[in-house]
Amino acid sequence: MGKGVLTVRALKHAALCLVFLPRFLLAALMLWLLDFLCIRRKVLLKMREQGSSRDDPPVCVSDSNKMFTLESLRAVWYGQKLDFFKSAHLGCIAPNTEVVQLKDRRRVRVLDYAKGRRPLILNFGSCS
């Protein structure tokens with residue numbers, strides 16, 4: 001690859017990072033706040049142990065299921081990328097992907113099933 005191609009690719013990656021970064025940081029902040037709420041619950045639980053009332057409902061707190069972890073941040077970053085590169089966007093024309101009819105294995109387009117101005121409803125499922 002030439003220097004120009006690498007430069008363009010690097011610029012595209014930098015631009016994508018700038019697009020993803022605000023959404024990613026907001027999601028990371030939300031994960032951190034969820035963990036903060038868990039810490040707050042621990043403090044409340046300890047306070048309850050000192051002077052507990054029978055009317056108070058039990059609080060369930062666990063150290064093992066933290067939300068703000070490296071794995072969860074990676075998953076958020078990956079999800080942001082998937083969301084950005086998806087072909088269907090709200091308010092835009094629907095993608096007309098190719099599908100296979102079950103009865104005769106013929107290839108057709110999804111929008112071939114649309115009739116006039118009636119909405120086309122796709123129902124997806126899985127039998128696993």
Side-chain angles (χ1 to χ4, degrees):
M1 275 191 237
K3 253 184 164 180
V5 173
L6 290 176
T7 304
V8 169
R9 186 176 284 176
L11 287 173
K12 282 183 182 178
H13 285 291
L16 286 175
C17 286
L18 290 175
V19 169
F20 294 149
L21 196 59
R23 292 170 58 184
F24 172 75
L25 291 176
L26 182 63
L29 176 67
M30 295 304 292
L31 292 173
W32 179 78
L33 287 173
L34 285 171
D35 276 350
F36 182 73
L37 287 174
C38 289
I39 292 169
R40 185 170 170 232
R41 283 187 182 145
K42 283 183 188 178
V43 171
L44 291 173
L45 186 63
K46 289 214 186 261
M47 289 173 57
R48 242 185 233 160
E49 287 174 358
Q50 294 171 354
S52 65
S53 170
R54 292 184 183 186
D55 297 335
D56 293 336
V59 178
C60 183
V61 179
S62 172
D63 281 333
S64 63
N65 50 351
K66 296 262 186 208
M67 301 295 287
F68 191 71
T69 63
L70 184 59
E71 293 84 18
S72 65
L73 292 177
R74 281 184 185 152
V76 167
W77 184 259
Y78 182 71
Q80 296 290 331
K81 280 178 36 181
L82 283 178
D83 191 41
F84 185 77
F85 288 117
K86 68 183 177 187
S87 59
H89 296 281
L90 184 63
C92 296
I93 297 173
N96 193 13
T97 58
E98 192 174 79
V99 293
V100 177
Q101 285 185 334
L102 290 177
K103 55 184 165 183
D104 59 359
R105 296 284 199 224
R106 190 169 52 108
R107 293 179 182 268
V108 295
R109 297 277 177 182
V110 170
L111 294 179
D112 293 344
Y113 293 102
K115 305 283 187 213
R117 298 202 33 91
R118 292 177 48 201
L120 176 65
I121 298 172
L122 302 176
N123 186 8
F124 296 93
S126 173
C127 295
S128 55

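Residue numbers start at 1 and run along the sequence shown.
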Are [Y] and [X] linked, directly or through intermediate hydrophobic residues, by side-chain heavy-atom contacts shorter than 4.5 Å (ILVMFWY only)?
X      : Y      : answer
Val110 : Phe124 : yes
Ile121 : Val99  : no
Leu31  : Leu21  : yes

Exercise. Do other residues, nucleotides or ligands put more than 12 heavy atoms under 6.0 Å from Asp104 CG?
Worked result: yes
Problem set entry | Enclosure of Leu18 CG (heavy-atom neighbours >12, cutoff 6.0 Å) | yes
Exercise. Taking only residues two or more places apart in sequence, or in another chain, which ones meet Arg109 in a side-chain hydrogen bond (donor to acceptor under 3.5 Å, both in side chains)?
Worked result: none
Where do [X] and [Y] come nearest, in terms of heavy atoms and distance?
X      : Y      : value
Leu111 : Asn96  : N-OD1, 2.8 Å
Phe24  : Val76  : CD1-CG1, 3.8 Å
Tyr113 : Gln101 : OH-NE2, 2.9 Å
Gln80  : Phe20  : O-CE2, 3.6 Å

Problem set entry | CZ-CZ distance between Arg107 and Arg105, expressed to the nearest 0.5 angstrom | 10.0 Å
